[in-house]
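Structure, as structure tokens:
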Protein chains: 2
Amino acid sequence: MLSSFQLWPFIDKFAFFNTMTAKEFERISKALGDPHRLKILQEIKKNKCMACACIREMIDLAQPSVSHHLKQLIDAGLVIPEKEGREMRYSIDDKVFTDYINYLSAFSQ
Amino acid sequence: MLSSFQLWPFIDKFAFFNTMTAKEFERISKALGDPHRLKILQEIKKNKCMACACIREMIDLAQPSVSHHLKQLIDAGLVIPEKEGREMRYSIDDKVFTDYINYLSAFSQ
DNA sequence: AAAACATATCGAAATATTTCAATGTATTAA
DNA sequence: TTAATACATTGAAATATTTCGATATGTTTT
């Protein structure tokens, strides 16, 4: 059976099945490549919690550092920020993870 | 329906389904977070080619730089090096990509 | 054995990232 | 309206990564 790529060989295997560009992929990979940010992501996944107040308790970093890491996760699209009074709430953007996985899956087949 | 995590809540969701540690995940993410290394991976995926000779033609970098990037991909486990005469052949380790995707999938569900 | 070739390693300069004290901004409480 | 709270931004030092010329190592060719 022919795959799409054999039928349309001019289509880039690494950009066809989702809208992610190589630049976006790179930014997400960078965001994932830090132990503090991975911890933050896992905490946000466990329970959508307010940021610095809650996250600082689990990570040994100053407030501006936590803020800096959160910004990178947000800029990569992995985390969605939401203002709630004078606090912030952060949540995981499942779709961006799915797109990232789709991009990756071109390598493991 | 109960998930495994509800049945065994003491098991870490991010380390159960594969053997990858957070440190390994971090190293792979870092390796993926560079445009040159992504290009190299895509080229290796397309056709298992000899390294510097073939890869240098597609990337505007000096030979030691290509070697340096390849080393990071190898250290991350994404690429398998193989000596063939005086050349090297590099190939993708599908399994490591699959493990990485498994680790990631805990975030997108 | 000497020359040529393919790639790795070293070391240093250029560049990028991480970190935090100080300060700014917006929101709620007094 | 002044205090306090929650978080973002700035700017600078510490640290890590990228890059490449020079050189080393191992393999094939002559």
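Heavy-atom basis, side chains included; hydrogens, waters and symmetry copies ignored. Per chain, numbering begins at 1; letters A, B, ... match sequence-line order.
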Taking atom [atom2] of [N] as reference, at what distance in whole Å does atom [atom1] of [X] sit?
X	N	atom1	atom2	answer
Lys83(B)	dC5(C)	NZ	P	18 Å
Glu26(A)	dT17(C)	CD	P	9 Å
Ile40(B)	dT18(D)	CD1	P	11 Å
Met88(A)	dT9(D)	CE	P	9 Å
Tyr90(A)	dA6(D)	OH	P	13 Å
Leu70(B)	dT18(D)	CG	C1'	14 Å
Glu84(A)	dC7(D)	CD	C1'	14 Å
Leu73(B)	dA8(C)	CG	C1'	15 Å

Problem - Side-chain donor-acceptor pair present, Ser29(A), Tyr100(A), cut-off under 3.5 Å - result: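 Ser29(A) vs Tyr100(A): donor-acceptor pair found between side chains.
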Exercise for the section: Please check if any side-chain donor atom of Arg37(A) sits under 3.5 Å from a side-chain acceptor atom of Gln72(A), or the reverse. Expected result: yes
Completion exercise
Per nearest nucleotide of DNA chain C, the residue lying toward the 5' end, Arg37(A) or Gly85(A), is Arg37(A)
Completion exercise
The residue, Glu87(B) or Leu61(A), whose nearest nucleotide of DNA chain C is more 5′ is Glu87(B)
OP1, OP2 of [N] versus side-chain N and O of [X]: anything below 4.0 Å?
X	N	value
Ser65(A)	dC20(C)	yes
Ser67(B)	dA8(C)	yes
Arg56(A)	dA6(D)	no
His69(B)	dT19(D)	yes
His68(B)	dC10(C)	no
Lys30(A)	dT17(C)	yes
Gln72(B)	dT18(D)	yes

Practice task
Using a heavy-atom cut-off of under 4.0 Å over every strand shown, decide if Arg89(A) touches base, sugar-phosphate, or nothing.
Solution key: nothing
Exercise for the section: Could you tell me whether the side chain of Leu38(B) reaches within less than 4.5 Å of the side chain of Tyr103(A), counting heavy atoms only? Expected result: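 Of all side-chain heavy-atom pairs linking Leu38(B) with Tyr103(A), at least one is under 4.5 Å.
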Handout entry: Sub-4.5 Å side-chain heavy-atom contact between Gln109(B) and Asp94(A)
Key =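 No; the side chains remain at least 4.5 Å from each other.
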Problem - Arg27(A) atom CZ, over 12 foreign heavy atoms within 6.0 Å - result: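 Not buried by this count: 12 neighbours or fewer within 6.0 Å.
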Exercise for the section: Could you please name the partner base of dC20(C), counting Watson-Crick and G-U wobble pairs only when both distances are under 3.5 Å? Expected result: dG11(D)
Practice task
Please determine, for dT28(C), whether a Watson-Crick or G-U wobble partner exists with both distances under 3.5 Å, and give it or none.
Solution key: none
Identify which nucleotide among [options] has an atom closest to any side-chain atom of [X], counting heavy atoms from C-beta outward.
X	options	result
Pro64(A)	dT9(D), dA6(C), dT19(D)	dT9(D)
Lys71(A)	dT7(C), dA26(C), dT9(D)	dT9(D)
Arg86(A)	dA4(C), dT5(D), dT19(C)	dT5(D)

Problem - Any donor-acceptor N/O pair under 3.5 Å between dA8(C) base and Gln63(B) side chain - result: yes
Practice task
Just label dA3(D) as syn or anti from its O4'-C1'-N9-C4 or O4'-C1'-N1-C2 angle, using within 90° of 0 for syn.
Solution key: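 dA3(D): syn glycosidic orientation.
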Problem - Pairwise distance NE2(His69(A)) to CG(Leu61(A)) - rounded to 0.5 angstrom - result: 5.0 Å
